[in-house]
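As structure tokens, the structure follows; a few thoughts come after it.
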Amino acid sequence: GEDVEQSLFLSVREGDSSVINCTYTDSSSTYLYWYKQEPGAGLQLLTYIFSNMDMKQDQRLTVLLNKKDKHLSLRIADTQTGDSAIYFCAESTDTGRRALTFGSGTRLQVQP
Amino acid sequence: DGGITQSPKYLFRKEGQNVTLSCEQNLNHDAMYWYRQDPGQGLRLIYYSQIVNDFQKGDIAEGYSVSREKKESFPLTVTSAQKNPTAFYLCASSIDITGQEQFFGPGTRLTVL
């Protein structure tokens with residue numbers, strides 16, 4: 001079955017880099033996603049990576065994918081207080097319904 | 001302004017009552033989804049719809065029902081059969097069932113008293 005796991009909490013200082021990690025079990029995952037959720041709000045898609053890629057960079061965000069180990073990470077450079085939120089890793093497979101399977105989320109706290 | 005709207009933002013109901021949550025999108029997307037979020041957990045899929053007049057059960061469909069009579073609208077009814085309905089409900093849409101980007105609405109927090 002599908003399972004996506006993340007650590008629950010990460011605290012960093014403003015200006016440092018943040019690295020949020022995720023592991024997944026479904027080897028048929030096609031796309032892997034990072035979403036951001038601010039308190040009481042819906043999810044905002046930050047970035048996604050196709051499973052045949054190793055890395056994707058988008059401004060302050062860098063996604064690394066190790067398909068062999070089924071490990072995904074999101075690096076946020078120069079973390080700001082506005083980056084404080086819950087970050088969800090999610091996967092989809094190239095079959096059937098295409099709905100996403102989510103991890104339980106990592107709460108990022110940025111200290112001034 | 002294109003997007004997904006959900007209403008109301010907060011909803012309170014008495015135990016035993018059915019309640020319907022609204023989800024509307026003006027993105028011209030074919031596929032729509034309902035997820036449930038509980039504290040400290042990820043999102044779980046309740047129902048999804050690939051196209052008008054079609055919908056499929058997700059992982060936790062028991063106690064819920066949906067309809068898809070219009071492309072723009074995908075309302076979710078939480079019935080009295082749902083044993084633990086208090087949660088945050090999120091609606092999403094994508095261009096079609098193969099679309100890689102799902103766009104989310106702001107959510108409805110349902111509290112059953």
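Worth saying up front: this structure is predicted, and the values here are computed from it rather than measured. Letters A, B, ... mirror the listed sequences (proteins, then strands); counts begin at 1.
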Keeping A:Gln44 on the side-chain end and A:Tyr35 on the backbone end, is there a donor-acceptor pair under 3.5 Å?
no

May I ask you to decide if A:Ala77's main-chain N or O and A:Ser17's side chain share a donor-acceptor pair within less than 3.5 Å?
no

Do the side chains of A:Lys56 and A:Asp58 get close enough for a salt bridge, i.e. N-O under 4.0 angstrom?
no

Do B:Arg109's NZ or CZ and the ring of B:Phe88 fall within the cation-pi criteria of under 6.0 Å and 45°?
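Yes, cation above the ring, under 6.0 Å and within 45°.
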
Sort B:Leu43 into side chain, backbone, both or neither according to what part of it lies under 4.5 angstrom from a heavy atom of chain A.
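Both backbone and side chain of B:Leu43 come within 4.5 Å of chain A.
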
Using non-hydrogen atoms and a 4.5 Å limit, figure out which bit of B:Gln41 sits close to chain A: side chain, backbone, both or neither.
backbone

Do the two ring centres, one from A:Tyr48 and one from A:Tyr33, sit under 6.0 Å apart?
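Close enough - the centres of the two rings lie under 6.0 Å apart.
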
Which residues in residues 5-23 of chain B have any heavy atom closer than 4.5 Å to a heavy atom of chain A?
B:Lys9

Measure the spacing between CE of B:Met32 and CG of B:Leu76 and express it to the nearest 0.5 Å.
11.0 Å

For B:Glu24 and B:Asn26, does a side-chain donor sit closer than 3.5 Å to a side-chain acceptor?
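The criterion, which ignores hydrogens and geometry beyond distance, is not satisfied for B:Asn26 and B:Glu24.
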
Interface check, chain B: of A:Cys89, A:Ala41, A:Gly105, most non-hydrogen pairs under 4.5 Å belong to A:Ala41

Honestly, the part of A:Gln6 sitting under 4.5 Å from a heavy atom of chain B is neither

If you draw a 6.0 Å radius around CZ in A:Arg107, do more than 12 non-hydrogen atoms from other residues or ligands fall strictly inside?
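Incorrect, the count does not exceed 12.
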
